[in-house]
Amino acid sequence: MPETRPVPVTVPSLAARKRRSGAEPIVMVTAYDAPGARVADAAGVDVILVGDSVANNVLGYEDTLQVTVDDMVHHTAAVARARPGALVVADLPWLSYHLDAADTVRNAARLVRAGAQAVKLEGGRVRVPMIEALVSAEIPVMGHLGLTPQSVHAMGGYRVQGTSHGAAEGLVADAKAIVSAGCFALVVEGVPGPLGDRVTETVDVPVIGIGAGPGCDGQVLVFHDVLGLGDRTPPRFVRRYADLGDEAVAALSRFAADVRAGSFPDDSETYH
Ligand code: KIV
């Protein structure tokens, strides 16, 4: 695969990437294993997110609530073994940062020891003590606001957030609070474009959108959605760039046909 990145992406270099200061938009994609990380890195993405969406995309779960810290350590280590030049950010899974600050730091430290350079967590003002504890333990934190999949039951489903005046104001207040607590970047998911713009204008750290319109400082998508490897109908904000799922089925069907016809392996594929 081609070498595309002369300098590795770091937390400080990413934290400085505001479009209003002339920076290029940030590109972030999920990856859950070493081959995925190699593909993402060769494509020159800035950030690889070891997302807890590993639940739906790899582990066959219905939602992200099933993922454990052990699962995230396993997948983060696999991504890190690819030694990407992209920044590796790992999701803290549900209930790994909700109980107390000490528990949060211990769980995040496991992800750092597995190879994450930063962790991501979902939620607003209520997470401030946990974010402060992580930052004092030298663990960089990316926030995640808006449609936060770990709150699926509290939200009553995967619904666009911040659609009322009050909810939009609450989301902007959350963004300010978690940035003051020390987040070096934010993901904002599933909000109307104008609210994505407003959060991006309000905070001094980069805002990476997913279903938050084109005005953010960067965009993130799920690997399996971009490449057409998923089995779900993707949400409206996904743009699919390949149909690798269909190509994989076609390739394996040709392999099966060759085996059944006795034409695989041939002489050149046989040791003599
Ligand atoms: O886990 C995930 O996939 C995410 C998204 C922001 C892409 O958190």
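Just follow the structure's listing: the first ligand is 1, and inside any ligand the first atom is 1.
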Are any of the N/O atoms on [X], whether in the backbone or the side chain, positioned under 3.5 angstrom from an N/O atom of ligand 1?
{"X": "K120", "result": "yes"}
{"X": "D91", "result": "yes"}
{"X": "Y32", "result": "no"}

Query raised in the report: Where's the contact between V222 and ligand 1, heavy-atom distance under 4.0 Å: side chain, backbone, both or neither?
Result: side chain
Distance-only donor-acceptor pairs under 3.5 Å for side chains of residues 213-222, two or more places apart:
from, atom 1, to, atom 2, distance (Å)
D217, OD1, R19, N, 3.0
D217, OD2, K18, NZ, 2.7
D217, OD2, V207, N, 2.9
Q219, NE2, G213, O, 3.0

In ligand 1, which numbered atoms sit nearer than 4.0 Å to a non-hydrogen atom of [X]?
{"X": "H144", "answer": "6 (C), 8 (O)"}
{"X": "T30", "answer": "3 (O), 7 (C)"}
{"X": "D52", "answer": "1 (O)"}

Query raised in the report: Per the side-chain contact (heavy atoms from CB on, under 4.5 Å) rule, which among S53, P93, S96 passes with V67?
Result: P93
Report summary line: Exactly one candidate in D52, I139, L134 meets side-chain contact (heavy atoms from CB on, under 4.5 Å) with L92; the answer is L134
Query raised in the report: Which heavy atom of the protein is the closest neighbour of atom 4 (C) of ligand 1, given with residue, atom name and distance?
Result: L49 CD2, 3.5 Å
Report summary line: The protein heavy atom nearest to atom 2 (C) of ligand 1 is S53 OG, 3.2 Å
Requested in this report: Would you check if Q150 and L121 make a side-chain contact, meaning some heavy-atom pair closer than 4.5 Å?
Outcome: no
Could you go through residues 242-259 and list every donor-acceptor pair under 3.5 Å that involves a side-chain atom there, pairing it with any protein atom two or more places apart or in another chain?
from, atom 1, to, atom 2, distance (Å)
D243, OD1, R240, NH1, 3.4
S253, OG, V249, O, 2.7

Query - Cationic N near anionic O, under 4.0 Å, D204 to R20 - result: yes
Query raised in the report: To the nearest 0.5 Å, what is the distance between OG1 (T104) and CD (E132)?
Result: 12.0 Å
**Report entry** Any M28 heavy atom less than 4.0 Å from ligand 1
**Finding:** no
